[in-house]
Participant: 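Before I ask anything, let me first share the structure, which is written out below as structure tokens.
All of these numbers come straight from a predicted model, not from anything done at the bench. Numbers restart at 1 for each chain; the letters A, B, ... are given by sequence-line order, proteins then strands. Just the heavy atoms: all of them, side chains too, but no hydrogens, waters or symmetry mates, feed the values below.
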Amino acid sequence: MAFEYEKYIRKGTLPHIWCPGCGHGIVMKSLLRAIDGLKLDKNDIAVVSGIGCASRLPGYLDMNTLHTTHGRALAFATGIRLANPRLKVIVVSGDGDAAAIGGNHLIHAARRNIEITLIVFNNSIYGMTGGQVAPTTPIGAIATTMPYGNIDPPFDIVRLAEGAGATFVARTTSYHTAQTEQLFKQAIMHKGFSVIDVIDACPVQYGRRNKPREAPDMMQVQKDNAIPLQLAQKKKPEELVGKIITGIFVRKEMPSYTETYYNTIIPRAQAK
Amino acid sequence: MEKKALLISGNESCVEGALYAGIQFFAGYPITPSSEIPEGLSRKLPKYGGVMIQMEDEIAAMAAVIGASLTGKKSMTATSGPGFSLKQENLGFASFNEIPCVVVDVMRGGPSTGAPTGPSQGDVMQARWGTHGDHPIVALAPNSIPEIFTETVRAFNISEKYRVPVILLLDEIIAHMRERMVFPEKGELEVIERTGPTVPPDQYKPFDVSNSPLPLVPPMAAYGTGYRFHVTGLNHRIDGFPTNNGEIIEKELHRIMEKIDLYKKDMFRTEAYMLDDAEVGIVAYGSSARAAKYAVNELRKQGIKAGMLRYVTIWPFEENAVEKLAQKVKFIVVPELNMGQLIFEVERAAKGRTKVHGVNRVNIEIIHPHDIMEKVKELSHGI
């Protein structure tokens with residue numbers, strides 16, 4: 001039987017704003033299947049976003065949803081999670097939103113190990129504002145603010161999150177829907193801060209100035225270049241150039257912020 | 001039984017006032033001269049089961065406060081000039097989405113980094129217009145340690161009752177000086193809780209005022225209570241979803257502004273000191289009003305009938321009070337620790353009925369009573 005996405009979608013909010021060929025809708029569907037598979041109550045999920053194409057996602061979901069300011073979603077989400085620890089808090093963000101203007105919030109949410117799942121819709125470009133260079137745009141790629149080729153080295157979101165202390169870090173692509181769903185499930189159930197870097201395609205703002213140009217070809221690249229972490233570990237660095245390494249990079253148990261605050265700080269303060 | 005009395009600072013009084021009002025969440029970032037507020041709440045808030053978090057920056061602290069308020073918790077942050085500038089981004093979000101929260105700004109010398117430990121009243125206009133676009137805001141400016149307590153409680157009350165961010169404008173002088181504070185008993189001051197939804201979840205729209213107990217103030221549901229609603233910084237319809245419909249955009253913007261106008265009398269607070277027979281009016285607020293009061297007493301000893309109109313609520317600005325004063329005094333003096341900010345409102349409200357003169361200092365010293373007295377005497381000679 002086909003999966004019923006409708007029960008998680010708010011009536012009257014579709015069609016979504018994403019362009020034909022954009023991978024965001026595919027990733028949203030993977031998220032809904034993950035939530036359904038975990039049998040989570042819609043009342044107990046908060047979905048928070050900043051600014052950008054991906055940030056429109058919460059509006060479509062029949063949950064507690066918040067569409068905030070550029071880059072700040074994790075900070076808003078921190079307030080929600082700390083004030084109501086019963087909520088599962090999911091942040092959806094573009095790569096510019098998460099790693100440029102929101103970069104400070106990203107590293108500190110990771111350091112704090114606060115119980116939030118961050119999904120980065122990583123399409124290597126600023127889509128909504130018209131194809132400007134992002135902190136994830138590859139060297140040499142053409143962007144409207146790098147018309148002669150990008151000279152600004154990109155962040156590796158996975159390594160950034162790992163370095164900042166995130167306790168669950170994974171990567172997948174919008175093509176790998178089953179893997180995306182599984183990683184989302186594990187990330188949402190993880191105790192602490194989890195980050196999933198979802199490599200996504202923006203044919204309209206990235207593809208049209210670069211190669212490959214068309215949406216199906218961009219999907220094909222995701223399919224062809226993806227290599228599971230276990231396989232990648234057996235390869236030489238030069239064999240991994242241009243590859244998208246997928247899978248779980250970090251998964252460890254550490255004290256998480258909200259739980260520690262409620263279980264340690266409050267009793268300590270009340271004992272004094 | 002005698003009431004509890006302590007010698008405390010203004011920032012400590014703010015902490016106690018917030019606890020009295022029932023604060024449940026505080027997010028902050030260290031900045032002089034406001035840091036005693038997050039320090040105090042980090043010690044005391046968890047005793048009441050509340051949460052205090054020091055965020056990575058001022059912007060994040062404001063964001064976390066809004067997130068917490070959306071879960072139904074009374075929330076506050078505290079900062080000073082440079083941090084207040086950073087708060088403006090998300091303060092606009094809170095204002096637009098009518099999210100209750102209290103923002104304490106302990107004013108210090110500016111612009112920019114300015115004088116971290118120097119007194120100032122330089123953020124009066126920033127409090128009103130600091131974030132972009134037309135937006136509703138309330139700002140209160142107490143002038144003593146006991147009044148910081150009561151105004152902190154009132155800040156929460158106004159914020160929760162009318163769904164509007166309230167700025168508590170302190171300044172370095174009253175934040176750091178100490179005075180005797182007699183604590184009110186529980187129940188002595190009114191403590192207001194926000195109005196929850198009046199309809200079941202399937203009928204709830206976050207900005208719908210058709211079923212509001214208070215006209216123009218939409219009842220507010222909390223995340224996690226079965227009311228699944230959407231909040232966005234985009235122009236939105238009454239159901240919370242974005243719209244490009246100019247008619248709806250204009251209607252909603254008018255409603256949030258008119259809401260303040262409708263309830264402004266409940267928000268206004270001024271003090272009239274020796275105004276009945278006054279021939280000279282001094283319009284003051286915050287720490288400068290302390291010097292003004294002293295000046296009024298001294299001027300009267302010297303035969304000049306001076307009086308003070310003190311603004312506790314600065315925004316919205318009570319125009320009538322100045323208008324009435326302007327009709328009966330020979331001139332008005334406005335002492336401010338800035339180059340003249342509230343004076344523009346005073347001049348506007350005086351409508352040319354009398355002359356309005358500023359007494360200003362930006363040399364990181366307090367305004368002295370004799371600054372005001374000299375100005376009054378100089379102006380009196382010409383009359």
Side-chain angles (χ1 to χ4, degrees), chain A residues 10 12-13 17 41-51 55-56 58-87 89 102 104-105 107-109 111-112 114 257-258 261-262 264-272, chain B residues 24-27 42-75 77 89-94 96-97 99 101 201-202 221-234 236 239-242:
Chain A
R10 280 187 172 120
T13 57
I17 64 153
D41 187 335
K42 292 191 287 186
N43 292 316
D44 297 335
I45 306 170
V47 189
V48 187
S49 65
I51 295 293
S55 298
R56 291 302 191 93
Y60 307 128
L61 304 190
D62 184 18
M63 298 168 193
N64 305 283
T65 57
L66 180 61
H67 175 210
T68 72
T69 45
H70 201 12
R72 318 298 176 211
L74 280 170
F76 281 82
T78 298
I80 291 174
R81 172 64 199 181
L82 266 171
N84 186 347
R86 227 167 39 83
L87 292 171
V89 183
N104 197 33
H105 310 305
I107 59 173
H108 287 276
R111 172 180 68 89
R112 223 170 254 138
I114 187 150
Y257 196 90
T258 311
Y261 194 93
Y262 279 88
T264 308
I265 295 297
I266 289 178
R268 250 186 233 166
Q270 289 176 342
K272 284 212 172 177
Chain B
Q24 294 158 300
F25 185 90
F26 182 94
S42 65
R43 271 195 310 275
K44 298 198 169 179
L45 199 45
K47 287 180 192 289
Y48 298 85
V51 176
M52 184 282 177
I53 182 169
Q54 182 172 317
M55 294 296 286
E56 56 272 20
D57 59 33
E58 297 275 7
I59 298 168
M62 189 67 225
V65 159
I66 295 168
S69 186
L70 279 163
T71 72
K73 301 288 168 73
K74 286 189 177 178
S75 304
T77 184
E89 177 195 41
N90 289 329
L91 192 52
F93 187 92
F96 191 18
N97 282 300
I99 295 172
C101 55
D202 61 321
Y223 283 167
T225 58
Y227 285 80
R228 299 184 302 272
F229 58 98
H230 187 57
V231 175
T232 174
L234 287 165
H236 42 264
D239 61 5
F241 294 103

Participant: Hey, could you give me each pair passing salt bridge (Lys or Arg N to Asp or Glu O under 4.0 Å) that has a residue in residues 75-84 of chain A? Not counting sequence neighbours.
Facilitator: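 Counting only pairs at least two positions apart or across chains, the salt bridge (Lys or Arg N to Asp or Glu O under 4.0 Å) contacts touching residues 75-84 of chain A are A/R81-A/E115.
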Participant: Testing the basics here: between B/P46 and A/I266, what is the closest heavy-atom pair and its distance to 0.1 Å?
Facilitator: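 Residues B/P46 and A/I266, closest heavy atoms: O-CG2, 3.5 Å.
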Participant: Name the member of A/L87, A/I80, A/N104 that forms the most heavy-atom pairs with chain B at distances under 4.5 Å.
Facilitator: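 Highest number of heavy-atom pairs under 4.5 Å: A/I80.
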Participant: Do B/Y223 and A/N84 pass the side-chain contact (heavy atoms from CB on, under 4.5 Å) test, and can you show the C-alpha distance, the side-chain angles, and the key distance before you say yes or no?
Facilitator: CA-CA 8 Å; B/Y223 283 167; A/N84 186 347; 5.7 Å; no
Participant: Mind checking what makes side-chain contact (heavy atoms from CB on, under 4.5 Å) contact with A/K42, not counting sequence neighbours?
Facilitator: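 Partners of A/K42 under the side-chain contact (heavy atoms from CB on, under 4.5 Å) test: A/Y8, A/D62, A/M63, B/R228.
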Participant: Can you tell me which portion of A/T13 sits under 4.5 Å from chain B's heavy atoms? Options are side chain, backbone, both or neither.
Facilitator: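 When you check distances to chain B, only side chain atoms of A/T13 fall under 4.5 Å.
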Participant: Pick one of side chain, backbone, both or neither for B/V51, based on which atoms fall under 4.5 Å of a heavy atom in chain A.
Facilitator: both
Participant: Would you compute the distance between atom OH of A/Y257 and atom CD1 of B/I53 and round it to the nearest 0.5 angstrom?
Facilitator: 4.0 Å
Participant: Of all heavy-atom pairs between B/F93 and A/T68, which one has the smallest distance, and what is that distance?
Facilitator: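 So the two residues come closest at CE1-CA, 3.6 Å.
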Participant: Pick whichever of A/T258, A/T78, A/T65, A/T69 has the most heavy-atom pairs under 4.5 Å with chain B.
Facilitator: A/T65
Participant: Do the non-hydrogen side-chain atoms of A/R56 and B/L234 ever get within less than 4.5 Å of each other?
Facilitator: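 Yes, their side chains come closer than 4.5 Å.
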Participant: So, the side chain of A/R86 versus the backbone of B/G224: is there a donor-acceptor pair under 3.5 Å, distance only?
Facilitator: yes
Participant: When rounded to the nearest 0.5 angstrom, what distance separates NZ in B/K44 from NZ in A/K272?
Facilitator: 14.0 Å
Participant: Does the side chain of B/M62 reach to within under 4.5 Å of the side chain of A/R72, using non-hydrogen atoms?
Facilitator: no
Participant: Which heavy atom in A/A83 sits nearest to a heavy atom in B/F25, and how many Å separate them?
Facilitator: CB-CD1, 4.3 Å
Participant: In terms of heavy-atom pairs under 4.5 Å, which option from B/N97, B/L70, B/I59 contacts chain A the most?
Facilitator: B/I59
Participant: Using modelled atom types only, decide if a donor and an acceptor are shared between the side chain of B/Y227 and the backbone of A/N64 within a distance under 3.5 Å.
Facilitator: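 Not at all, since once roles are kept as given, no pair shorter than 3.5 Å links the two residues.
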Participant: Below 4.5 Å from any heavy atom of chain A, which atoms of B/F229 appear? Answer side chain, backbone, both or neither.
Facilitator: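 For B/F229, the backbone is the part near chain A, not the side chain.
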Participant: Given B/E56 and A/R111, is the salt bridge (charged side-chain N to carboxylate O under 4.0 Å, His left out) satisfied, shown in steps?
Facilitator: CA-CA 10 Å; B/E56 56 272 20; A/R111 172 180 68 89; 5.5 Å; no
Participant: Any donor and acceptor pair, going by atom type alone, linking the side chain of B/K47 with main-chain N or O of A/Q270 inside 3.5 Å?
Facilitator: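 Here the side-chain-to-backbone pair does not exist.
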Participant: Where on A/R268 is there a heavy atom nearer than 4.5 Å to chain B: the side chain, the backbone, both, or neither?
Facilitator: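 A/R268 has no heavy atom closer than 4.5 Å to chain B.
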Participant: Check whether any side-chain heavy atom of A/L66 lies under 4.5 Å from a side-chain heavy atom of B/H230, and answer yes or no.
Facilitator: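 Side chain of A/L66 against side chain of B/H230, heavy atoms only: no contact under 4.5 Å found.
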Participant: To the nearest 0.5 Å, how far apart are NE2 in A/H67 and NE2 in B/H236?
Facilitator: 12.0 Å
